[in-house]
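By convention in this document, chain letters (A, B, ...) are assigned in the order of the sequence lines, proteins followed by strands, and residues within each chain are numbered from 1.
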Amino acid sequence: MKLRVRFAPSPTGHLHIGGARTALFNYLLARKYGGTFVLRIEDTDELRSDEKSVKSIFSSLKWLGLDWDEGAMPDGTEIGSCGPYIQSKREEMGIYRKYADQLIREGKAYHCYCTPQELEKMKKKAQLEKKSLKYDGRCRRLTKSQIEEFKKEGRKPVVRFKMPQEGKTVFEDLIHKTVSFENRLLYDCVIIKASGYPTYNFACVIDDCLMKITHVMRGDDHISNTPLQVNIYRALGFDVPRFAHLSMILGPDGKRLSKRHGSTSVEEYRRRGFLPLALRNYLALLGFSTSDSQQLFKEKELEEKFCLEGCQKNPAVFDEIKLRWMNGEYIRMLSREKLFSMSLPFLEKKGLKVQKNERNIEIVALQQEKYKLLEDVPYLVEFFYRDVEYASDAVEKVLKKPRARAILESIQKVYREMKDFTEKEIEAKTREFARSNNYKTAEIFHPVRVSVSGRTQGPTLFKMLELLGREETVRRISIARRLLESA
RNA sequence: GGCCCCAUCGUCUAGCGGCCUAGGACGCCGCCCUCUCAAGGCGGAGAUCACGGGUUCGAAUCCCGUUGGGGCCGCCA
């Protein structure tokens with residue numbers, strides 16, 4: 001049987017890091033074994049689901065390069081023969097209702113007329129008596145007259161699934177091995193809400209079955225849902241799929257990753273200049289590793305090396321420092337042209353309108369090894385395009401050195417008289433100047449650097465001057481000299 | 001509180017009974033390279049394998065317990 005996996009987000013916000021990791025692992029598993037990766041939208045929460053989130057999730061998945069073979073597509077169409085792939089549409093078709101009715105007919109489910117307030121009271125009471133908080137199943141055996149009474153009151157019932165009350169529900173998890181639950185601790189969960197919508201646990205089972213999903217890979221916060229679902233599969237006479245529960249991703253404080261830990265949506269990482277392949281690589285290493293603990297994976301290499309055996313049971317702390325390192329690695333692997341085009345939006349955001357030409361490509365590439373994020377690019381290149389802002393520490397520590405004034409005056413003259421203002425020539429002339437005047441090279445290099453860039457750190461000096469051009473170099477040295485005179 | 005899951009350097013992890021005086025990666029420190037900053041190269045610190053019992057000739061690896069952390073306990077998914 002061909003492997004089929006799915007990613008089934010609920011559209012209640014942007015794609016979260018944890019969701020992205022789940023999607024990635026499903027994608028990798030499908031690619032590795034030549035299976036099918038299905039995308040299903042679980043929008044059965046009528047209040048919180050919205051179209052905007054669907055769009056955002058699509059765009060994040062697409063950005064990460066996690067293409068799906070089947071399911072809802074960004075243009076509103078659907079691919080595949082198991083559709084619709086959006087649960088609200090499936091609900092409209094009465095798919096869930098049909099199976100719920102079947103269960104009721106077979107005596108495996110029943111109507112429950114308890115109101116939320118009554119359930120709340122029940123829970124409070126149980127709490128006081130230190131009993132289990134689960135629903136007590138009181139509506140399992142309602143008399144005809146009781147039902148009439150409720151109907152007269154206008155109560156809208158939910159449908160509850162009759163959970164077995166003895167024995168154990170056991171399943172083999174591909175990552176956790178055998179997981180077992182006592183049935184008497186399970187409870188009759190709601191499968192159809194009063195609104196007529198299915199609950200997650202029900203819709204999920206129906207759809208995974210109808211969509212012929214063979215492997216359900218998801219976060220291990222779903223482990224406790226699994227016995228419920230297994231029993232629903234069985235009651236319906238469905239085959240139970242294989243489960244693989246992935247460990248959680250935690251924040252630095254060891255708590256489940258959430259907004260208060262900083263950026264948590266893929267969208268934010270994109271905005272900050274992380275590269276999709278870098279994020280993908282990093283995410284893959286949260287809960288997966290090869291036997292040689294490989295860190296960096298080339299394109300397609302993850303698809304080849306991914307396997308369930310390499311998946312981790314224990315939770316992983318999300319380490320942005322390591323992600324940044326990895327992002328730097330990926331930025332360094334970019335071609336100059338690619339680096340430039342990817343940097344453009346970030347330059348524009350900072351008000352730098354930069355044409356695509358050889359000079360500008362070179363300017364951006366000049367400090368390629370320094371960027372950790374694309375967001376770093378504008379700051380590191382801005383002085384090429386804007387008036388220099390002299391950093392105070394640079395002025396104090398370098399420009400105000402006793403001999404700097406005289407040196408700047410002389411070297412400016414040298415530059416002014418040069419014919420070919422090229423990297424090689426500038427270096428030759430500058431070194432020659434140092435030698436004949438008995439200066440240490442550093443005495444010249446540093447003030448020149450600060451003069452043209454305003455900073456003590458920057459690209460390699462002579463290339464920087466060449467790119468700035470003779471005019472601009474000379475002009476900036478003048479500005480620096482004037483600054484010193486007025487100081 | 002009940003149930004479930006988990007437990008190797010600060011972090012991600014290798015390890016699946018002897019090769020482990022525990023390997024790699026990030027981060028940290030030092031040195032080298034060098035026009036600065038990076039990048040790169042080399043080296044270092046960093047884990048009594050949570051703790052306690054077993055099993056075994058032998059345990060980070062298997063079993064039990066304890067502790068700690070996390071998850072779930074919704075007409076949310």
Side-chain angles (χ1 to χ4, degrees), chain A residues 8-12 42-49 87 112 114-116 119-120 123 126-127 130-135 156-160 173 175-176 179-182 185-187 189-201 203-204 218-227 245 247-248 250 252 254-256 282 285-296 309-310 312-326 328-329 332 367-372 380 394 398 427 430-431 441-442 444-446 448-450 453 455-462 464:
Chain A
S10 51
T12 56
E42 306 214 327
D43 58 345
T44 54
D45 186 335
E46 314 97 299
L47 295 171
R48 291 193 291 168
S49 301
Q87 289 187 330
C112 166
C114 297
T115 62
L119 293 170
E120 192 55 39
K123 216 157 131 188
Q127 211 153 22
K130 295 212 156 105
K131 287 211 282 221
S132 166
L133 303 183
K134 65 182 193 150
Y135 175 69
K156 279 239 168 73
V158 299
V159 179
R160 283 187 187 270
D173 189 280
I175 293 169
H176 292 268
V179 182
S180 156
F181 289 81
E182 294 280 345
L185 298 165
L186 305 178
Y187 71 105
C189 61
V190 173
I191 56 176
I192 301 285
K193 309 179 205 175
S195 65
Y197 261 63
T199 57
Y200 161 74
N201 279 120
C204 180
R218 63 210 335 183
D220 68 14
D221 47 340
H222 285 289
I223 285 186
S224 25
N225 285 325
T226 309
H245 286 98
S247 59
M248 293 280 86
L250 273 26
K255 300 252 183 287
R256 188 195 183 130
Y282 179 70
L285 256 27
L286 283 183
F288 167 75
S289 63
T290 58
S291 53
D292 60 350
S293 210
Q294 182 176 345
Q295 301 294 310
L296 269 8
E309 295 71 46
Q312 199 74 19
K313 285 190 284 201
N314 41 316
V317 173
F318 188 86
D319 180 9
E320 194 174 298
I321 304 281
K322 183 162 179 178
L323 207 208
R324 291 169 70 95
W325 160 76
M326 198 171 273
E329 290 285 329
R332 266 166 252 139
Q367 298 176 86
Q368 184 158 11
E369 74 285 352
K370 276 181 220 153
Y371 310 132
K372 289 259 191 289
L380 287 173
V398 179
E427 175 159 14
T430 307
R431 287 188 188 278
T441 52
I444 302 166
F445 294 168
H446 295 318
V448 170
R449 171 184 301 286
V450 173
S453 71
R455 304 168 186 180
T456 56
Q457 314 175 348
T460 181
L461 184 62
F462 307 109
M464 170 165 67

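Nearest nucleotide to the A:Asn314 side chain, out of B:rC35, B:rA7, B:rU11: B:rA7. Nearest nucleotide to the side chain of A:Asp45, out of B:rC76, B:rC75, B:rC6: B:rC76. Across B:rC26, B:rC12, B:rC35, the shortest atom-to-atom separation from the side chain of A:Ala316 is found for B:rC12. The side chain of A:His446 lies closest to B:rC35, out of B:rC76, B:rG74, B:rC35. Here B:rA77 is the nucleotide among B:rC35, B:rG74, B:rA77 with the atom lying nearest to any side-chain atom of A:Lys193. The side chain of A:Asp221 lies closest to B:rC72, out of B:rG70, B:rG40, B:rC72. Among the nucleotides B:rC26, B:rA38, B:rU36, the one closest to the side chain of A:Gln457 is B:rU36. Of the listed nucleotides (B:rC12, B:rA77, B:rC26), B:rA77 has the atom at the smallest distance from the side chain of A:Ser10. In the set B:rC75, B:rC4, B:rC26, the nucleotide with an atom closest to the side chain of A:Phe181 is B:rC4. With distances taken from any side-chain atom of A:Met248 to the nucleotides B:rU13, B:rG10, B:rG70, the minimum falls on B:rG70.
B:rC51: Watson-Crick or G-U partner is B:rG65, with both key distances under 3.5 Å. Both distances falling under 3.5 Å, in either a Watson-Crick or a G-U wobble arrangement, place B:rG1 opposite B:rC73. B:rC26: Watson-Crick or G-U partner is B:rG10, with both key distances under 3.5 Å. When Watson-Crick and G-U wobble pairs are counted only if both distances are under 3.5 Å, B:rA38 pairs with no nucleotide at all.
Remark on RNA chain B: of its neighbouring residues A:Leu250 and A:Glu46, the 5'-side contact belongs to A:Leu250, judged by nearest-heavy-atom nucleotide. Nucleotides of RNA chain B nearest to A:Phe318 and A:Lys322 differ in position, and the one nearer the 5' end is that of A:Phe318.
When atom types are taken as modelled, the side chain of A:Arg449 and the backbone of A:Pro459 share a donor-acceptor pair closer than 3.5 angstrom. When atom types are taken as modelled, the side chain of A:Asp43 and the backbone of A:Pro11 share no donor-acceptor pair closer than 3.5 angstrom. At distances below 3.5 Å, not a single donor-acceptor pair connects side-chain atoms of A:Ser10 with backbone N or O atoms of A:Thr12. Of the possible donor and acceptor atoms, none in the side chain of A:Lys156 sits under 3.5 Å from a partner among the backbone N and O of A:Lys193. For A:Lys134 (side chain) and A:Leu186 (main-chain N/O), a donor-acceptor pair under 3.5 Å exists by modelled atom type.
B:rG44 and B:rC51: their P atoms are spaced 27 Å apart (whole Å). Taking atom C1' in both B:rC12 and B:rG18, one finds a spacing of 28 Å when rounded to whole Å. Taking atom P in both B:rC76 and B:rG70, one finds a spacing of 27 Å when rounded to whole Å. For the P atoms, the distance linking B:rC72 with B:rC57 amounts to 45 Å, nearest Å. B:rA14 and B:rA47 are spaced 14 Å apart, taking the C1' atom of each and rounding to whole Å. One P atom belongs to B:rU61, the other to B:rC42, and the distance between them is 34 Å to the nearest Å. On the P atoms, B:rU66 is 14 Å away from B:rG1, given to the nearest whole Å. The gap from the C1' atom of B:rA45 to that of B:rA39 amounts to 24 Å, rounded to the nearest Å.
Within 4.0 Å of A:Leu461, counting heavy atoms only, lies at least one base atom of the nucleic acid. Nucleic acid contact for A:Asp292: none, since no nucleic acid atom lies under 4.0 Å from a heavy atom of the residue. Residue A:Glu42 is in sugar-phosphate contact alone, with no base atom involved, counting any heavy-atom pair closer than 4.0 Å across all strands shown. Within 4.0 Å of A:Thr441, counting heavy atoms only, lies no atom of the nucleic acid at all. Across all strands, A:Gly328 comes closer than 4.0 Å to no nucleic acid atom at all (heavy-atom distances). Among the atoms of the strands shown, only primed sugar atoms or phosphate atoms (P, OP1, OP2) are found under 4.0 Å from some heavy atom of A:Val317. A:Arg256 comes within 4.0 angstrom of sugar-phosphate atoms only, judged by non-hydrogen atoms across all strands, and of no base. As judged by a 4.0 angstrom heavy-atom cut-off over every strand, A:Glu309 is placed among residues making no nucleic acid contact. Base engagement by A:Thr456 is indicated by at least one non-hydrogen atom pair under 4.0 Å involving a base atom. Counting non-hydrogen atoms under 4.0 angstrom, A:Pro116 reaches a base of the nucleic acid. A:Thr430 comes within contact range of no nucleotide atom at all, as no heavy-atom separation falls under 4.0 Å.
Put simply, A:Lys123 has a side-chain N or O that comes within less than 4.0 Å of OP1 or OP2 on B:rG74. At the phosphate of B:rA14, neither OP1 nor OP2 sits under 4.0 Å from any side-chain N or O atom of A:Gln294. A:Arg332 has no side-chain polar atom (N or O) that falls below the 4.0 Å cut-off from OP1 or OP2 of B:rA38. Of the side-chain N and O atoms in A:Asn201, none sit less than 4.0 angstrom from OP1 or OP2 of B:rC76. Taking 4.0 angstrom as the limit, A:Thr44 places a side-chain polar atom (N or O) nearer than this to OP1 or OP2 of B:rA77. Contact check, A:His176 against B:rC6: a side-chain N or O comes under 4.0 Å of OP1 or OP2.
Atom CG in A:Leu186 sits roughly 17 Å away from atom P in B:rC72 (whole-Å rounding). Between A:Trp325 atom CH2 and B:rG27 atom P there is a gap of 7 Å when expressed in whole angstrom units. One atom, NZ of A:Lys313, and another, P of B:rC16, lie 15 Å apart when rounded to the nearest Å. B:rA38 atom P lies 12 Å from atom CZ of A:Arg449, rounded to whole Å. Summarising the geometry, the separation between CG on A:Asp220 and C1' on B:rC3 is reported as 15 Å, rounded to the nearest angstrom. Taking atom CE on A:Met464 and atom C1' on B:rC37, their separation rounds to 11 Å, with Å as the unit. Between A:Arg431 atom CZ and B:rU34 atom C1' there is a gap of 10 Å when expressed in whole angstrom units. Look at CG on A:Leu296: it is 19 Å from P on B:rC12, rounded to the nearest Å.
Between A:His222 and A:Tyr200, the two ring planes are tilted [angle within 30° to 60°].
No hydrogens or angles were tested; on distance alone, a donor-acceptor pair under 3.5 Å links the side chain of A:Lys370 to the base of B:rC37. For A:Ser224 against B:rC3, a side-chain-to-base donor-acceptor contact under 3.5 Å is absent.
For the atom pair A:Cys112 SG and A:Ile191 CD1, the distance stands at 11.5 Å (nearest 0.5 Å). Taking CD of A:Gln295 as the reference point, atom NZ of A:Lys322 lies at 4.0 Å (rounded to 0.5 Å). Distance OG1/A:Thr226 to NE2/A:His176: 9.5 Å, rounded to 0.5 Å.
Between A:Trp325 and A:Leu296, the closest heavy-atom pair is CH2-CD1, 3.9 Å.
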